[in-house]
Every structure is written in C-alpha cells, then in structure tokens.
2 protein chains.
Amino acid sequence: MLKITRKVEYALIALRHMQAKDPEGLTSAKEIATHYGIPKQLLAKTLQQMARDNIIQAVQGPTGGYRIRANLGKISLKDFFERLEGPLGMMDCFFESDCIQINACNIRVPIQRINDNMRDMFSKMTLMEVTQ
Amino acid sequence: MLKITRKVEYALIALRHMQAKDPEGLTSAKEIATHYGIPKQLLAKTLQQMARDNIIQAVQGPTGGYRIRANLGKISLKDFFERLEGPLGMMDCFFESDCIQINACNIRVPIQRINDNMRDMFSKMTLMEVTQ
DNA sequence: ATAAATACGATTAAAATTGTCGTATTTATT
DNA sequence: AATAAATACGACAATTTTAATCGTATTTAT
C-alpha cells in the first residue's frame, strides 16, 4: 500500500534523464526505454500524457522526441501525481460516491485529515527535487 | 495510487468502534461487521492479526470478543501500517532486490528521500488521532 | 453436549495495474 | 515521391495485487 505507480515512476525517470542530459535537446522514448530497461510503449504513452499536460514538449517525425517544457521547480509533486493519476486519496470514498455504508463509516473524517496532511506534504515538494 | 488497503481500513474502523463504545468491554467481530457492512471473515482475520501484535486482546468462547489492549496514543501510524502491511515504501525496490536495472535507476535516491518524508509524517501521528 | 465465539491456512474472485498490439500521423531524409 | 523513424492513441491481454470466501479446528460459557 501507499505505493506510486509505474507510470509515475517512468515519468520521473524520464524527466530526470532529460534534465541531466540536455535540457534543450530532444530525447526519444526509445533512448530512455532502452537505457533504463523499461517497456517502450508504456513509457511512450506516459510521455504523451505529459506532453498533453504541457510538462514536456513533443516533436514529431524522425529526429523527433521530447524536451522539458515546464519549470519543474514550480510544479508540486501533488499536482504532478494528480495530473498523471487523478485525485490523491488514501481511500476511494473521497471521490467515488458508491460506498453504501458511507453514513455508518466512522473513520472518514479522521482519514480525511490524514489525507490532507499527505497532500500538504506533496504540495511542498516540487518535481525539481526529484529530477535534480 | 498511495492508497491504504481495506485491511488497514477495517482495522481502523474496528479500533475506533471499540474505543467509542466501551474500552473495557468486549466487542465481537460479528458486531462490527454487521454494523459497518464489512465482510466478517476478513475483519476477523485482521482482528486476529492485531491480537497477535498485542494491539488488542482476544477472548475466546461464546461471550468472547476483543478489547483494546495497547495505548493507542503511543502507537504511531507508521508502526501500525508496518505491523499490518509490512515495510512502508513508495517503490518495491526499497525492499525487494529483484530489480535488474537497479544500478541504472536514476530516481532511487530522490524517491527514497520522499519516502523518508512520508514515513516521518506517519511517525508523528498516532492511532489515537484516528480513533478519537 | 451445544452453541457461539476466535484461529488460521488454503483457495477463489475481483480489481487494479502493467504491458502489448495495431494502426494512424507526422516529418526529415534520400 | 518513397521511405523510415519518430510520436499518437484506442483497444485489448496479461499479470499482479487485493479482497473475499471456504473449511476446519479450537476455545469456553451455558
């Protein structure tokens, strides 16, 4: 429990790789995938999603690839996680309303408080802290 | 991602229920299961595990049940989570050593740092904050 | 003796995550 | 114009993890 997904993991690996290598130049999905031994297609999808979110910029065609577009020091880990995986919650019932016994539940409020602490923590850390 | 498991959820519901109801008297798994609409057998197992961990005390036989044994204000959420679910890590590679590209990995250290922050946070919160 | 509770390993079911496939589009190069 | 190498992306399959159930044993108040 309390794990991050591979998607997030691959995204962070890619960002750090791009930043360390050449923040201006382009890096292909293939390069990253082979370098770190991760599935290329899955990585590609994640990169495409980050491109849609304007975290990185995509360039098509041969010689194409990705480069960092956003200021990584200004994107909190909370925002990053939520862009890739949706709202951050320790229990599903914070977002989905199909919990029948939601009224009986006696820990919703206290867990909500802990959840807020966690979101707070991730709000105070930026992507830069991972990538540099 | 970053979710707690149902096991932990049920354990917290049970603890809070026991504390709110009657810290001295016994509460059966059945009572809690029916009250909150959760699977009895699964809850029972979780209670049994907490009993083995001396968080609660089990009494067998009819009229048996469980009561809180430990001082909930002295058990951190980190310890509680780890007793129920094993070591707390955002990535598996912190514990399992079967990641082949562990050397190439460029985010192990930074994620480790974030993980430490998270463990720190849960170290500072006690079970009591959830149950009362 | 019976019934109601805990104890717990083994198994199954369900859900979430992870990975692959197939096809389309873009564009530098020849 | 043809080709090749890259991104784009929906649909599907495989795997893993989580959740739930089953079956049986043990304990003990009545």
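The structure displayed is predicted, hence computed values, not measured ones. To find a chain, count down the sequence lines: A is the first, B the second, and so on, and within it residues start at 1.
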Nearest of D:dA20, D:dT7, C:dT18 to any side-chain atom of B:Pro39? D:dA20
Side-chain (A:Arg83) to main-chain (A:Asp53) donor-acceptor, under 3.5 angstrom: yes
Contacts under 3.5 Å, N or O only, protein and nucleotides 10-14 of chain D:
residue : atom : partner : partner atom : Å
D:dA11  : N6   : A:Lys45 : NZ           : 2.6

Where does the angle between the aromatic ring planes of A:Phe122 and A:Phe81 fall among parallel (under 30°), tilted (30 to 60°) and perpendicular (over 60°)? perpendicular
Between C:dT18 and A:Tyr10, is there an OP1 or OP2 to side-chain N/O distance shorter than 4.0 Å? no
Would you check if the side chain of A:Gln132 reaches a backbone N or O of A:Glu129 as a donor-acceptor pair within less than 3.5 Å? no
Using whole Å, report how far CG of B:Leu42 lies from P of D:dT18. 13 Å
Over how many whole Å does the gap from A:Gln48 atom CD to C:dA24 atom P extend? 16 Å
Along DNA chain D (nearest heavy atom to each residue), the more 5'-positioned of A:Lys3 and B:Thr63: A:Lys3
Look only at the side chain of A:Glu85 and the backbone of A:Glu82, and say whether a donor-acceptor pair between them is shorter than 3.5 Å. no
Could you please name the option among D:dT27, D:dT17, C:dC8 that lies closest to any side-chain atom of B:Arg52? C:dC8
Could you tell me whether the side chains of B:Asn54 and B:Arg69 share a donor-acceptor contact shorter than 3.5 Å? yes
So what does A:Ala51 hit on the nucleic acid, given a heavy-atom distance under 4.0 Å: a base, only sugar-phosphate, or nothing? nothing
In whole Å, what is the span from the CE atom of B:Met90 to the C1' atom of C:dT17? 17 Å
Among the candidates D:dA8, D:dA19, D:dT28, find the nucleotide nearest to the side-chain atoms of A:Tyr66. D:dA8
Output the single nucleotide from D:dA4, C:dA3, C:dT18 whose closest atom is nearest the side chain of A:Pro62. D:dA4
Of A:Arg6 and B:Gly64, the one whose closest DNA chain C nucleotide lies more 5': B:Gly64
Would you confirm whether A:Arg16, through its side chain, and B:Asn106, through its main-chain N or O, come within 3.5 Å as a donor-acceptor pair? yes
Rounded distance (Å) that lies between atom P of C:dA7 and atom CG of B:Leu47: 9 Å
Quick check against the 3.5 Å criterion: does B:Arg67 have a side-chain atom that pairs as donor or acceptor with the backbone of B:Glu24? yes
Do A:Thr126 and A:Ile75 pass the side-chain contact (heavy atoms from CB on, under 4.5 Å) test, and can you show the C-alpha distance, the side-chain angles, and the key distance before you say yes or no? CA-CA 5 Å; A:Thr126 71; A:Ile75 299 179; over 6 Å; no
Range-with-range stems for DNA chain D, at least three Watson-Crick or G-U pairs under 3.5 Å: C:1-30 with D:1-30
What is the separation between atom CD on B:Gln49 and atom C1' on D:dT18, rounded to the nearest whole Å? 14 Å
Between CD of B:Glu31 and P of C:dA4 the distance, given in whole Å, is 16 Å
Atom-pair distance (CD on A:Glu9; P on C:dT17), nearest Å: 14 Å
Check every strand shown and say whether B:Ala58 touches a base, only sugar-phosphate, or nothing at a heavy-atom separation below 4.0 Å. sugar-phosphate
Looking at B:Lys21, I want to see if its NZ is surrounded by more than 12 non-hydrogen atoms of other residues, nucleotides or ligands under 6.0 Å. yes
Against the side chain of B:Ser28, the closest entry in C:dA5, C:dA7, D:dA8 is C:dA5
Rounded to whole angstroms, how far apart are CD on B:Gln57 and P on C:dA5? 18 Å
So, the side chain of A:Lys7 versus the backbone of A:Leu84: is there a donor-acceptor pair under 3.5 Å, distance only? yes
